[in-house]
Amino acid sequence: MKETMNKQSLLKLHAVARVTFLEILKDKILYSAGIVSLFLFVFTFFISKLSVVSVDRVILDFGMSVINLSMSFIALFFGATLISREFERKTVYLILSRPMSWSSFLFGKFLGLIYILFLEGVLFSLFLILMLSFFKIPISSMLGFALMGIFFQSFILAGMALFFNTFTTTSLSVVFGLFFYFFGNNVSQIRLFIAKLESDSLGSILSGFVYIIPNFESLSWKTNILYQIGPEWSRVMITLLYSLSLIFTLILAASFISKRKN
Amino acid sequence: MDSNIAIDIKNVSQSFKSGFWLKEKKILKNISFSVKKNTVFGFIGPNGAGKTTLIHLLVGARKPKSGGIKICGQNIIKDEAKKNLGYLPEQPDFYKHLTGSGFLYQMGILSGLSSKQTQTRMDKVLKLVHLKDAKNLELKKYSKGMLQRIGIAQSLLHDPEVLILDEPMSGLDPIGRKELREMMGILKQEGKTLFFSTHIISDIEAVCDQVGVIYGGEMKNVGPIGSFLSQGSLETEVAFAAEARDLSKIKTYKNFISIQGGYRIVLKGQKEVNSLLGELLENNITVLWVTPIRSSLESFFE
C-alpha cells in the first residue's frame, strides 16, 4: 500500500516536472539565450587570438564563464516565472484541486527546470569539449569538477528564484536573484572589504550578510583547472552537501510560504 | 451526516489581507448550505460577490479562515475527498504547449490514476466531449468552446461524483452554451452532482434543480429553483382580438398595447384579470390568450 503511494507520488512529481520541462523547452527565450551563448563561444576564439595569455587558458576560462552565465540566466529567468505563471493562467488551482500537496507541486516545478538546466549544461559542456579538442587543448578530468560546480550554482539560483517568486513578482524575483548571484560570487571581496573597514558595527552587519548569502565561490573550481591543482575531496563533498541542503531548504521555505499564503 | 449530501459547507468564512497596510477584507461571511447528490446546483451572484473564492475553498485549493467543507462526507483537506471531485476553473488557460491527450494524461496522473487507467478513461471522456479527433492538436490551436470541453473532460477523467464548474458558460457562443447544457444533462443522468457558478440567470433557469444566491459574501437564499420562481408578484398577460373602435366598450382598463390583429395588457392580480375577462366576454370580444408571467431570478438583484 505504502509502496503504491510512493510510486504514485513519484509519478505525480514526474508529471509536473515533465510539463514544466516541455513548457520551457518550447519557449523562444531559451533558444535566444542559447544562440547568444553560441556567439559568445565563437567570440572566445577571437579573444584568444588577441590575448597575451596562453590560448588554452583563455578558451577554458571564457568558455566556462559563458556556460556559467547562460545557465545562471536560464535558472533565474525561468525560476522567477515558475509559480507566477501558474497563478496567471489559474492552473495552480486546477492542480491543487487534485490530491497533490504544495510541496510536491513546487518540487515538481523545480525538477522540471533542473532537467532543462541539466540538458543545457550538458550540451554546452559538449560544445566546450569539442572546442578544446579542435584547438588540441588537453582535457583534464578537473574540467568535470569545474562544470559540476557551475551546474550546482545554477540549481541553487533556480531554487532561489522559485523561492522569491512565491511571495513577490517575477521582476523582483529576478532582481533579488541577481543580487545574490553578484554578492555570492564575490564573498572573498566582501570579506576583504570587512577587514579593511574601520567601523565595527558595519563590519558586523556585513559579516552577518556574508553568512546569509550563498557562497558561490566555494562552487567555483575554475582556478583549479586553470592551474591544474586537484581539489580536495573533503571540500568537494562538503560543498555539494551544502548546495543540496541549501536547495532543499529553499524549496521547503517556498512550500511553507505558499501554504501560508493560501 | 446524511449520506445523500454531496457537498456540505458549514460556517465558512474567508478574508484576505490586501493593500500596503495589509488591511483585512472579508470576502465570505459565515456561509452554510448543502447540495444533495445527483442534483444540478446553480450558484449565482454578481461579479465580486465571492463565487470564485468559495469555489477555491470547495476544491481544496485554498483553506477557509473558519468553518469546514465536506465532499461526499470527507473533509476537503483529505485526498479521498479530492478523488471524488472534478473541477473546471473559470476561463481556463491550460498548458498551451500540450496536446489535448497530453494534457489529459497529466491530469489523470495527478488525479491518482495509473498510466493505463488514464489511457482508458481518456478515450471515454474525449468521446463524451466530442474531441476525439482533436486529441493530438496542441491546446493553443483549440477554440474557446473546445478549451471549455477539454476542461470538462479533465474534470471527468477520474470519474468523480461531484463536478464543480466555475462560470462554464462564460465566453461561449449560443451553440456552445446549448452543447454544454446538454452535456450537463447527460452527466446528471449518469448520477453526477453538478455545482456551477454563473452570473447569467437564464443558464440557471435552464438546467438547475437548486439555486444558491450569493451577494456581498453572504448567502442570500438557497433552495429549489421552483421556490425562487414562484416568489414575487404574479402578473398575467391578457390578449384579445379587437378593432380600435371596440376598445371604447371596455370601461375598466385603457392602457392597451396594440398587437397584430388585436391588443394586449399586463395585469397584476387575479381580480383584475377576472374583471377584464368578464367585460371581454360580455362584449363578444375573442380572447387570444391569458398567460401568467413567471417572475425571474433577476428580481433578486433588483
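Note that the structure is a prediction, hence the values are computed from the model and not measured. Throughout, a chain's letter reflects where its sequence line sits, starting with A, and its residues are numbered from 1.
The CG atom of B/Asp79 sits 10.5 Å away from atom CD of A/Gln8, with the distance rounded to the nearest 0.5 Å. Annotation: the span from A/Arg18 atom CZ to B/Ile109 atom CD1 amounts to 9.0 Å, rounded to 0.5 Å. The CG atom of A/Leu94 sits 7.5 Å away from atom OH of B/Tyr87, with the distance rounded to the nearest 0.5 Å. Here the OG-CG distance, from A/Ser104 to B/Leu110, works out to 10.0 Å after rounding to the nearest 0.5 Å.
Between chain A and the options B/Leu88, B/Leu58, B/Leu113, B/Ile76, heavy-atom pairs under 4.5 Å are most frequent for B/Leu113. Per-residue heavy-atom pair counts under 4.5 Å with chain A were compared for B/Gly112, B/Gly60, B/Gly86, B/Gly102, and the maximum is reached by B/Gly112. Among A/Glu23, A/Met100, A/Lys90, the residue making the largest number of heavy-atom pairs under 4.5 Å with chain B is A/Glu23.
When heavy atoms are compared at a cutoff of 4.5 Å, B/Phe16 does not approach chain A at all. For chain A, no part of B/Ile164 is nearby; none of its heavy atoms comes within less than 4.5 Å. The contact between A/Val16 and chain B is made by backbone and side chain atoms together, counting heavy-atom distances below 4.5 Å. Only the backbone of B/Ser155 comes within less than 4.5 Å of a heavy atom in chain A; its side chain stays farther off. Heavy atoms of A/Glu86 lying under 4.5 Å from chain B belong exclusively to its side chain.
Side-chain polar atoms of B/Tyr95 and A/Arg89 form no donor-acceptor pair below 3.5 angstrom.
The closest side-chain heavy-atom distance from B/Glu138 to A/Lys26 is below 4.5 Å. Taking the side chain as every heavy atom from C-beta outward, A/Arg98 and B/Gln154 approach each other to under 4.5 Å. In this structure the side chain of A/Leu96 never reaches within 4.5 angstrom of the side chain of B/Arg62, judged on heavy atoms.
At least one donor-acceptor pair closer than 3.5 Å links the side chain of B/His97 to the backbone N or O of A/Val19.
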